[in-house]
Novice: 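Please see the structure below; I have some questions.
Predicted model, so just to flag it, every value in this text is computed and none were measured. Ligands are counted one by one from 1 in listed order, and the atoms in each one are counted from 1 as well. The chain is numbered in sequence order, starting from 1.
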Amino acid sequence: MYCVLRIREWIVVGCAALAFAGCQTTSERPVNPSTSLTTTSLPEPMTVAPAAPLTLPPPQRPPPNSSTIVSPSALPTVTAPVPRESPTINGRPWPADWFNAWVPLESWGRFNGLPKPQLLAGGKEPLYQLQSSNGLVLVKIGSQSVNIAGMQLGLGFAPRLIRGFPYIHSLDAQKTLQVMVDSVYRLPQTNRTIVIDAGHGGRDSGALSCIGHDHEKYFTLDWACCLAPLLTARGWNVVMTRTNDTELSLADRVAIADRVKADVFLSLHFNSGVPNRDLTGLETYCLTPTGLPSNLVRDDEDDVRQAHPNNLFDQENVQLASRLHSSLLRSTGAVDRGVRRARFMAVLRYQNRPAVLVEGGYLSNTGEARRIATPEYRQALAEGVARGLD
Ligand SMILES: [Zn+2]
C-alpha cells in the first residue's frame, strides 16, 4: 500500500476546503496565481490581460500506425520552449492574444456565440453563469473548479476578477471550457480496442478497506471483470492488464496498451483519504495539459513545462473523462469530486491514446467502503463505465 500524504482540497462551488489523500501517494495544492503567473499591469475591462512569459513545447505525435513498443522509462520529457501553437476552433483560429493571458469570460463566451455571463451570486467570490448548447457553465471567482452541465471540472488557475470583470486563464479556456462546449469526442466505431487496467495487484495491494481485510487490488480486479463482458457485448475488443492477482509495473501496463494498439486506456482504482475518513465520492483523472498546474500533485513534482506523449490527446482525454465521470455519477449516485488533472501518473502520461484513471470511491470511509464491498456497487461502476463509452 502506498504511503499517504495530507493534501488540500481544491475549492468547488458550494463546498468547503477539505483534506484528503488518494491511493496514488498524492498531495494536492491549490495554486496561487499571484505566485505562478502574474499580470504585468491591470488591463482595461474586456481586454486580454498578459501573464508572465511561458513558452511551451507541443508534444510530438508518433508516426501513424507505428508498431514500435516504446518502454515508458525510455520516453524523454520535453522541456524545450517552442513557438505558440494556434489551434483552430470550429473553423476559426484561436485568438492570437489568447496565449498565456487572462481572458474576459464575456469575450470567450462571445467567441463561442454564447450570451453574456450572468451574475448568479455576488460577494467576494462571485458566481457567473454561461448558457452553452452542452449545458450550463458555472464559473466561480477564486475556485479551481468549474461546473459544466452539472459536473465539476478542475482548472489550473482559479478565475479572477480584474476591475470588476470575470477573467479566466487562456489555457483553462482552451483546454477545459472550450473542449467541453465543443462537439463531443467520437470514440472509434469499429475494430475498437480498449485496455482495462485493474489497479495494483500482487504485492502492491493498494488501499486497505476500513471495514475489513480486503484491499483495493481485489476490488479493482472485480470491477474490471464486471466491466469486460459489458464492453465485449458492445463490440469492444477488451484487453485486461491483469485477470488475477498479478503484480505489474506501470510501464508494463502502458506497454500492453502499445502492444495491442489500444484506442482507449482506462485504469480503475479506489481512493483512500486517511487520516480523513469523511471523504467520499468519485474522481476521474486525465493528464494535465502542458502549461497548467495540476489539481493533484505528488510530492512537489508538477513541472508545468513538461510535455508527455499523452498530451497529444488533451482534448480527447478530458472529453472521455467527462463522459465516464458523468455516466458513473448517474449509475452510482456517488458524490461528484470532479474530473481532475494530474501529471505524476505514469500510467497515463506515457499513453499514446486517450487515457483516463477513475477512482471509484473511498475505501477509507465506512459507508463508502461498505458500498464498495457489495457486488451491486461494483456492477453499477462497471455499467457506468460501459454506458459512458457508448
Ligand atoms: Zn490505486
Novice: Within 45° of the ring axis of Trp223 and under 6.0 Å from its six-membered ring centre, is that where the NZ or CZ of Arg378 lies?
Specialist: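 Arg378 over Trp223 ring: no.
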Novice: As a test of reading the structure, name the N/O/S atom of Glu216 that is nearest the Zn ion (ligand 1).
Specialist: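 Considering only N, O and S atoms, Glu216 comes nearest to the Zn ion (ligand 1) through OE2.
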Novice: Among the N/O/S atoms of His269, which is closest to the Zn ion (ligand 1)? Give the atom name.
Specialist: ND1
Novice: May I ask you to check whether Glu359 brings an N, O or S atom to under 2.8 Å from the Zn ion (ligand 1)?
Specialist: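 Checking Glu359: none of its N, O or S atoms is under 2.8 Å.
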Novice: Let me confirm one number: the CD-CG distance from Gln144 to Asn295, rounded to the nearest 0.5 Å.
Specialist: 6.0 Å
Novice: In terms of side-chain heavy atoms, does Ser209 have a donor or acceptor partner in Asp214 at a distance below 3.5 Å?
Specialist: no
Novice: Looking only at N, O or S atoms in His200, which is nearest to the Zn ion (ligand 1)?
Specialist: NE2
Novice: Are side-chain heavy atoms of His269 and His200 found at a separation under 4.5 Å?
Specialist: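 When only atoms from C-beta onward are counted, His200 and His269 do touch, with a gap below 4.5 Å.
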